[in-house]
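Beneath this line is the structure, given in structure tokens, with notes to follow.
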Amino acid sequence: MISRIDLRGNALPEGGALRDLLPRAEFDVEAALETVRPICEDVRHRGSAAVIEWGEKFDGVRIDTIRVPAAAIAEALERLDPAVRAALEESIRRARLVHREQRRTTHTTQVVTGGTVTEKWVPVERVGLYVPGGRSVYPSSVVMNVVPAQEAGVEGIAVASPPQKDFDGLPHPTILAACALLGVDEVYAAGGAQAVAMFAYGTAECLPVNLVTGPGNIYVAAAKRLLKGRIGIDAEAGPTEIAILADSTADPVHVAADLISQAEHDPMAAAVLVTDSEELAAATEAELKPQVAATKHITDRIEPALAGRQSAIVLVNDLEDGLEVVDAYAAEHLEIQTADAAALADRVRNAGAIFVGPWAPVSLGDYCAGSNHVLPTGGCACHSSGLSVQSFLRGIHIIDYTRDALAEVTHHVVTLAEAEDLPAHGAALKARFGGEVPQQ
């Protein structure tokens, strides 16, 4: 059901050589670019009509307008299962607690007497938040996108999610209800590359945005890459992944359950166990079979995900090697299930989010930990962070110098300008002092 990679015996290779030994899903965004290019161009030229037609082709339903009526959003909340509403409200409450603490404040540094640099943080004016609607329903992604944008102070928030044939061309009602709980009334029945293009170029119904965030399939990722520059993006999200670093103290029941929890997302989802315990590896393999048999989405998602080249049990000499392996892998979600989990977690350099010990499974972070579940995938955690309030803020420097403060440093500026063969840069300062460098 899941393969093994044995890295025991010899010293681990370094850098890219180690990364190449580890399991990873194939996710060729570059190849998908040629598929999404004509879609995005069509939306650019024909607007909402193109969004509707591509939605009919890919989602199997024809709609009259892409903007979801306010009445439909309100009705979705009225009809929401009370237990689901309570769970979403708690998820929102916890996410606000965490993201509110991420707010940044204006700070002024006095560089010299009379010379200051102030950094102020300004929210993006308008954002487009994408919520997937394929194999599963993700109201949690509404929470994870909207809450940090709101806490950052973004004024214009629009949500897009694919039209659903089963709901008369509207996004799934639970997604609409989550929008209602968060006070978001600008929602569009649009999915895939056409939704990203709608946000980038704007249509008669949807004003263009400055930034697009949220996970999606390979075509959403490709559209983000194609349109990056016209819009800002959070990341090119790939298939979800979990890595678990565990020793002999870990419970194989927990480990197997957590691997399966991510495998049920998608047949390309990655589930990786890194351990120095042959006994845990064997026990986890034994646990996978009955747990998979007892759950849902077996043949279409879980079994192909666990059996795919992106999933494996990786055996290492010891936890030091295990730490090196998980840093090289740079997982979206990393669980540490070891005797000294907190100490090891503190040493991890590369991960989207780290879950410490047996009582902090990834599923908690997906919904109600308070953390954000929009995280870097495909090894991008070695250079990128998950979605946060900072994703929606821009730091702007304000430079304020007096005449005396500028005079004091002019000779350095002129020297550096001439060293870079840019004399006009220096001349711009000298012009303020009669064409000369002020005497020090």
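Computed over heavy atoms, backbone and side chain alike; hydrogens, waters and symmetry mates excluded. Note that the structure is a prediction, hence the values are computed from the model and not measured.
Under 3.5 Å, the side chains of Thr213 and Asn145 contain a donor-acceptor pair of N or O atoms. Between the side chains of Ser48 and Thr203, a donor-acceptor pair is found at a separation under 3.5 Å. Using a 3.5 Å distance cut-off with no hydrogens or angles, the side chains of Asp247 and Thr249 do pair a donor with an acceptor.
Looking at heavy atoms from C-beta onward, Glu53 lies out of side-chain contact with Gln194 at the 4.5 angstrom threshold. Put simply, the side chain of Pro171 reaches to within 4.5 Å of the side chain of Val68, judged on heavy atoms. Under the 4.5 Å side-chain criterion, counting only non-hydrogen atoms from C-beta, Arg94 is not in contact with Val98. Residues Tyr130 and Lys224 are not in side-chain contact: their nearest non-hydrogen atoms beyond the backbone lie 4.5 Å or more apart.
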Item to complete: Given salt bridge (Lys or Arg N to Asp or Glu O under 4.0 Å), test Arg93 with Glu89 step by step and report yes or no.
Response: CA-CA 6 Å; Arg93 187 187 73 81; Glu89 288 174 338; over 6 Å; no
Discussion item. Arg37 vs Glu41, test: salt bridge (Lys or Arg N to Asp or Glu O under 4.0 Å). Steps then yes/no.
Written reply: CA-CA 6 Å; Arg37 194 182 303 274; Glu41 281 299 304; over 6 Å; no
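Within the 3.5 Å criterion, the main-chain N or O of Thr118 finds no donor-acceptor partner in the side chain of His107.
Ring-plane geometry between Tyr188 and Phe199 is classed as perpendicular, the angle between the planes exceeding 60 degrees on a 0 to 90 degree scale with a lower cut at 30.
For the pair Arg403 and Phe433, the cation does not sit on the ring face, since its NZ or CZ is not both under 6.0 Å from the ring centre and inside 45° of the axis.
At a threshold of 4.0 Å, the pair Glu151-Arg100 counts as salt-bridged, since one of the basic side-chain nitrogens sits closer than that to a carboxylate oxygen.
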